[in-house]
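What you see is a predicted model; the values in this text were computed from it and never measured. Basis for what follows: all heavy atoms, side chains included, without hydrogens, waters or symmetry-related copies.
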Amino acid sequence: MRSTTLLALLALVLLYLVSGALVFQALEQPYEQQAQKDLGETREKFLRAHPCVSQHELGLFIKVVADALGGGADPETNSTSISNHSAWNLGSAFFFSGTIITTIGYGNAALRTDAGRLFCIFYALVGIPLFGMLLAGVGDRLGSSLRRGIGHIEAIFLKWHVPPGLVRVLSAMLFLLIGCLLFVLAPTFIFCYMEDWSKLEAIYFVIVTLTTVGFGDYVAGADPKQNFPAYQPLVWFWILLGLAYFASVLTTIGNWLRAVSRRTRAEMGGLTAQAASWTGTVTARVTQRAVPTASLPEKERPPLPPLPCPAQPIGPPQSPLSPEKVATPSPPTASALDYPSENLAFIDESSDTQSERGCALPRAPRGRRRPNTPRKPVRPRGPVRPRNKGVPI
C-alpha cells in the first residue's frame with residue numbers, strides 16, 4: 001500500500017472515530033448526568049431517614065457492594081444458597097473460558113485472584129490460535145454446505161432461463177439472507193423468550209457478540225434465575241457458528257474485490273499495450289513516407305507494413321469468398337462474481353500474461369515464417385575443399 005493511500009485511510013478512520021465520539025457523547029452524557037443526580041438524591045434521602053449512619057460509613061458500604069458485584073455476587077441471593085446460584089459453576093465457567101478464546105470478553109465476570117490471572121495469560125495465548133484454526137475449518141465447512149444448497153436453487157433458476165448474471169446476484173443475496181435468518185434473527189427471538197429482553201436489547205446483544213465487541217451490559221445466562229445448566233454452553237456453540245458464518249462472508253467479499261481488481265488491471269494492461277503497438281506502427285508509416293523516399297517513383301517505394309491486429313490469422317491469407325473461417329482465439333476470462341465461493345479469488349492468469357505481451361502475434365508453427373517478416377540473408381560459402389581419401393595401395 002502506498003504512503004498516500006495509507007495516510008488517506010488513517011485520516012478516514014480518525015474522522016470516523018471523532019464523529020462516533022461526538023454522537024455517543026451527545027446521546028449518553030445526559031443519561032450519565034441524570035443517573036449521577038439520582039444517586040446523590042437517593043444517598044441524601046437515606047442519610048435523612050437514618051441519621052445514625054454517617055456519610056463516610058455509607059460510602060464504605062457502597063464501595064464494598066460495588067466490589068462484590070464486580071466479583072460476580074448477587075445482592076438478592078442469601079448467603080446460605082451460594083452453591084445453588086454461583087457465578088462459577090461448571091456451565092458459567094465453560095462460558096467464561098469460551099469468551100476468552102473468542103476474544104469477546106464481556107467483562108461481567110472478572111478474575112479476582114493472582115493465580116487465576118496468571119493462568120488466564122497462558123490459557124489465552126494457547127486458546128486463541130487454537131480457536132482461530134477451528135473457526136477457519138468450521139467456516140469452510142459451513143460455507144460449503146450453504147453453497148451446495150444454493151447451487152441446487154441456481155440450477156432451478158437456470159432451467160427457468162433466468163440470465164446468469166441475475167442468478168449470481170440472487171444467489172449472493174440468498175446466501176446472506178439464510179445466514180442472517182439462522183444466526184441473527186432466530187437467536188434474537190430465542191433470547192427475547194429466555195432472557196425476557198426486548199427485541200432491541202436482544203438484537204443489540206447478538207450484534208455486539210458476533211462482532212466480538214462484548215460490552216458486558218447484556219450477557220446471556222448471567223441472570224441468577226436462569227437454572228438451565230446447559231444454556232450458556234449452547235450459547236457458546238451459537239457464537240462459534242455465527243463467527244464462522246461472518247468470517248465466511250468477509251472472506252467471500254475480499255475474494256470478490258480481489259478478483260475484480262485483477263480483472264480490471266488485466267484489461268487496462270491490454271488496452272495500454274494495444275495503444276502502444278498502434279502508435280509504433282503509425283510512426284513507422286510516417287517515417288517511411290519522409291523525405292528520403294518521397295523523391296522515389298511510386299513503383300520503387302517500399303511497401304508499408306500492415307497495422308497489427310491481435311486477431312491476425314497465421315499462415316497464407318485466404319480469399320474473402322473462401323468458406324473456411326479462421327477462429328479468433330479469445331483469452332479465457334473468469335466472471336467477476338461467481339456465486340459466493342472460494343473460487344472468486346482464482347481469476348485466470350491468461351489475462352495478465354496477455355496484457356504483458358500486448359498485441360504480439362502468436363508463434364507460427366515450424367517450417368513456416370510469420371507474414372510480413374523478411375527472410376534472413378544467406379551467408380555465402382567459401383570454396384569446397386576435396387576430401388582427403390588417402391593414396392590407394
Side-chain angles (χ1 to χ4, degrees), residues 16-43 62-77 85-89 91-112 116-117 120 124 128 131 180 183-243 246:
Y16 191 76
L17 290 176
V18 171
S19 61
L22 293 175
V23 171
F24 286 131
Q25 183 183 15
L27 294 176
E28 297 296 329
Q29 192 174 26
Y31 180 81
E32 178 194 6
Q33 294 174 353
Q34 184 64 33
Q36 189 68 33
K37 182 179 179 181
D38 294 341
L39 178 61
E41 294 177 354
T42 303
R43 179 186 300 176
I62 293 176
K63 184 178 179 181
V64 171
V65 171
D67 292 339
L69 292 177
D74 183 17
E76 298 180 359
T77 303
H85 299 282
S86 175
W88 289 103
N89 55 28
S92 299
F94 178 86
F95 185 74
F96 177 79
S97 301
T99 58
I100 292 176
I101 64 175
T102 56
T103 68
I104 294 177
Y106 288 110
N108 63 316
L111 301 172
R112 297 295 177 178
R117 292 166 182 169
C120 181
I128 292 174
F131 179 77
C180 290
F183 304 112
V184 177
L185 191 60
T188 298
F189 289 101
I190 292 175
F191 290 133
C192 287
Y193 175 75
M194 297 294 295
E195 300 289 339
D196 198 16
W197 291 340
S198 64
K199 292 182 177 60
L200 178 60
E201 293 172 341
I203 197 170
Y204 167 77
F205 168 74
V206 168
I207 299 300
V208 166
T209 298
L210 295 182
T211 54
T212 68
V213 176
F215 290 116
D217 48 354
Y218 291 92
V219 179
D223 190 0
K225 298 178 182 179
Q226 187 62 251
N227 296 324
F228 186 53
Y231 176 64
Q232 285 189 318
L234 291 176
V235 171
W236 184 84
F237 280 104
W238 160 73
I239 293 174
L240 171 63
L241 296 177
L243 290 178
F246 277 100

- For F96, enumerate each residue passing the ring pair (Phe, Tyr, Trp, His ring centres under 6.0 Å) test, keeping only those at least two apart in sequence or located in another chain.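 Ring pair (Phe, Tyr, Trp, His ring centres under 6.0 Å) list for F96, sorted by chain: W88.
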Of all the heavy-atom pairs spanning [X] and [Y], show the shortest one and how long it is.
X: A220; Y: F191; value: CB-CE2, 3.8 Å
X: A124; Y: I100; value: CB-CG2, 3.8 Å
X: C192; Y: A202; value: SG-CB, 3.5 Å
X: L111; Y: G116; value: CD1-O, 3.4 Å
X: V208; Y: F215; value: CG1-N, 3.7 Å

- Query: Just wondering, more than 12 heavy atoms not from Q33 lying within 6.0 Å of its CD?
  - Reply: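 For Q33, atom CD is crowded (more than 12 foreign heavy atoms under 6.0 Å).
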- Message: For E41, is the CD atom crowded, meaning more than 12 foreign heavy atoms sit under 6.0 Å from it?
- Response: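 Result for CD/E41: enclosed.
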- Query: Out of T209, T211, L210, which residue meets the side-chain contact (heavy atoms from CB on, under 4.5 Å) rule with I104?
  - Reply: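 Checked T209, T211, L210 against I104; only one passes side-chain contact (heavy atoms from CB on, under 4.5 Å): T209.
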- Query: Is the W236 ring parallel, tilted or perpendicular to the F94 ring (thresholds 30°, 60°)?
  - Reply: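 Taking F94 first and then W236, their aromatic rings stand perpendicular (interplane angle over 60°).
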- How are the rings of Y204 and Y218 set relative to one another: parallel (under 30°), tilted (30 to 60°) or perpendicular (over 60°)?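 Aromatic pair Y204/Y218 classed perpendicular.
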- Apply side chain to side chain contact (heavy atoms under 4.5 Å, CB included) to F131 and L240, showing your working. CA-CA 9 Å; F131 179 77; L240 171 63; 3.5 Å; yes
- Item | All pairs passing side-chain hydrogen bond (donor to acceptor under 3.5 Å, both in side chains) where residues 185-196 contributes a residue, at least two apart |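 Applying side-chain hydrogen bond (donor to acceptor under 3.5 Å, both in side chains) to every pair that reaches into residues 185-196, excluding sequence neighbours, yields E195-Y231.
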How many angstroms lie between [atom1] in [X] and [atom2] in [Y], if you round to the nearest 0.5 Å?
X: Q232; Y: T99; atom1: CD; atom2: OG1; value: 9.5 Å
X: D217; Y: F205; atom1: CG; atom2: CZ; value: 10.0 Å
X: K199; Y: L185; atom1: NZ; atom2: CG; value: 10.5 Å
X: L243; Y: T103; atom1: CG; atom2: OG1; value: 8.0 Å
X: I62; Y: T42; atom1: CD1; atom2: OG1; value: 9.5 Å

